[in-house]
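Quick notes on the structure that follows.
Below, each value reflects all heavy atoms present in this structure, side chains not excepted, and no hydrogens, waters or symmetry copies. Predicted model only: the values in this text are computed from it and were never measured.
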Amino acid sequence: MTYKAALAVAIASIAGMASAGDRNAFGGPPTASFDGVYLGASFGWGTADGTSEYPVLSGGTTTSSFDPGSGRVYSAFVGYNYQRGSIVYSAELRYMDLTGLNDSGMSAPEVREVTNTTDLRGRVGYVTGDWMFYGTLGWSWSSMRVHPGLQFGGRSNTADLDGVNYGLGAEYSINDRWSAGADLTLRDIDGQFSEASTPTDIDLNTLTFRVGYRF
């Protein structure tokens, strides 16, 4: 089973817990309440790979793979949790600044970089004790550019990408206001540079550690 198939099975399992009622795994109400508005920040690592047709400084376009290895991720998020017993339903908006997700290998004639991504997603979580385990599904918007900082003489060197995101996470309630956790999100995004005749197709994945504050 691939990691994407495993994620899909896990997300379906978490969503299925909604039919289990309002009692936790120990037969009583959940210890922690995650209900309400929350905001926070996170940091971690990201990877990206795929193929793209993109403009080159000398004119025209070329096509090559994109495989930058890993880079750093800094993000901020805001959301709302609606808790009903052990089940939590959430809507979340998250912005990520990506550093180091660039490809400057010998096989690529130009440097390309995925610079940021915005995630809008829903979460379905299950609370047991002070822990919440959740699955996510949503949509992402990202930006990719060629030769950051260089001018292309009036030609566009950026492309807007978008596509589905999905993932898993765990969150621990430290007290009635603060929580901390980890989040894995996978994204299948695509788009097209204005001069290109074929699209850019990228798998963008992030693993982050997050701290949140509930109001």
Side-chain angles (χ1 to χ4, degrees), residues 3-4 7-8 11 37-55 61 63-81 89-103 108 110-125 134-150 152 155-169 181-210 212:
Y3 66 91
K4 290 185 178 180
L7 269 177
I11 291 172
V37 177
Y38 65 91
L39 57 81
S42 63
F43 71 94
W45 299 268
T47 65
D49 64 85
T51 58
S52 65
E53 180 186 354
Y54 54 95
T61 65
T63 301
S64 66
S65 63
F66 181 79
D67 187 6
S70 61
R72 296 182 300 278
V73 176
Y74 305 95
S75 65
F77 55 86
V78 61
Y80 179 77
N81 292 327
Y89 305 93
S90 308
E92 181 178 288
L93 179 66
R94 175 174 62 176
Y95 175 80
M96 290 187 158
D97 182 71
L98 310 174
T99 303
L101 286 179
N102 54 64
D103 184 4
E110 310 284 356
V111 177
R112 291 163 291 165
E113 181 179 23
V114 182
T115 59
N116 60 73
T117 190
T118 299
D119 300 322
L120 179 62
R121 60 187 192 157
R123 303 192 303 172
V124 177
Y134 61 85
T136 69
L137 181 65
W139 200 258
S140 295
W141 296 265
S142 302
S143 180
M144 186 176 187
R145 60 185 178 184
V146 181
H147 273 306
L150 296 185
F152 268 55
R155 300 159 59 208
S156 175
N157 65 334
T158 63
D160 295 324
L161 315 178
D162 68 291
V164 68
N165 69 62
Y166 48 96
L168 293 172
D183 183 281
L184 173 66
T185 303
L186 311 182
R187 303 167 188 81
D188 296 323
I189 55 176
D190 58 48
Q192 195 162 321
F193 287 93
S194 59
E195 294 183 51
S197 58
T198 59
T200 291
D201 188 0
I202 298 291
D203 293 330
L204 173 62
N205 307 319
T206 55
L207 173 63
T208 56
F209 299 95
R210 46 196 273 154

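Under the 4.5 Å side-chain criterion, counting only non-hydrogen atoms from C-beta, Val164 is in contact with Leu137. Using a 4.5 Å cut-off on side-chain heavy atoms (C-beta onward), Trp45 and Phe209 make contact. Two residues are said to be in side-chain contact when any heavy atoms from C-beta on lie closer than 4.5 Å; Tyr134 and Ser90 fail this criterion. The closest side-chain heavy-atom distance from Thr118 to Leu93 is below 4.5 Å. The side-chain heavy atoms of Thr158 and Thr115, taken from C-beta on, include no pair separated by under 4.5 Å.
Nearest heavy-atom pair, Pro55 versus Arg155, reported as atom, atom and distance to 0.1 Å: CB-NH2, 3.5 Å. Ser197 approaches Gln192 most closely through the heavy-atom pair C-NE2, 3.6 Å. Nearest heavy-atom pair across Tyr38 and Glu92 is OH-OE1, 2.7 Å. Taking both residues in full, the closest heavy atoms of Arg210 and Phe77 are given as NH2-CE1, 3.5 Å, listed atom of the first, atom of the second, then distance. Listed here is the closest heavy atom pair of Thr117 and Ser142: OG1-OG, 2.7 Å.
Under 3.5 Å, the side chains of Thr206 and Arg187 contain a donor-acceptor pair of N or O atoms. A donor and an acceptor atom, one from each side chain of Thr61 and Glu53, are located under 3.5 Å apart. For Arg94 and Ser42, the side-chain atoms include no donor-acceptor pair closer than 3.5 Å. Of the N and O atoms on the side chains of Trp141 and Asp160, not one donor lies less than 3.5 Å from an acceptor on the other residue.
Of the possible donor and acceptor atoms, one in the side chain of Thr136 sits under 3.5 Å from a partner among the backbone N and O of Gly167.
A cation-pi arrangement is not found for Arg112 relative to Phe66, the charged atom failing to lie both closer than 6.0 Å to the ring centre and inside a 45° cone about the ring normal.
Of the inter-residue distances, the one linking Leu184 atom CG with Asn205 atom CG reads 7.0 Å to the nearest 0.5 angstrom. Interatomic distance, OH of Tyr54 versus OG1 of Thr200, reported as 9.5 Å (0.5 Å rounding). Interatomic distance, Ser156 OG to Arg145 CZ, rounded to the nearest 0.5 Å: 12.0 Å. Summarising the geometry, atom CG belonging to Asp97 is positioned 4.5 Å from atom OG1 belonging to Thr99; distances are rounded to the nearest 0.5 Å. For the atom pair Leu204 CG and Leu161 CG, the distance stands at 9.0 Å (nearest 0.5 Å). Rounding to the nearest 0.5 Å places CG of Leu98 at 9.5 Å from OG of Ser75.
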>> The test is side chain to side chain donor-acceptor pair (under 3.5 Å); show your working for Thr51 and Asp201 and say whether it passes.
In response: CA-CA 6 Å; Thr51 58; Asp201 188 0; 5.9 Å; no

>> Quick one, Ile202 with Asp190, criterion side chain to side chain contact (heavy atoms under 4.5 Å, CB included). Give me CA distance, side-chain angles, the key distance, then yes/no.
In response: CA-CA 6 Å; Ile202 298 291; Asp190 58 48; over 6 Å; no

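Test Asn165, Asp162, Asp119 against Trp139 for side-chain hydrogen bond (donor to acceptor under 3.5 Å, both in side chains) and you get one pass: Asp162.
Residues Asp183 and Arg123 are not paired through a salt bridge, judged by the lack of any N-O separation under 4.0 Å between the basic side chain and the carboxylate.
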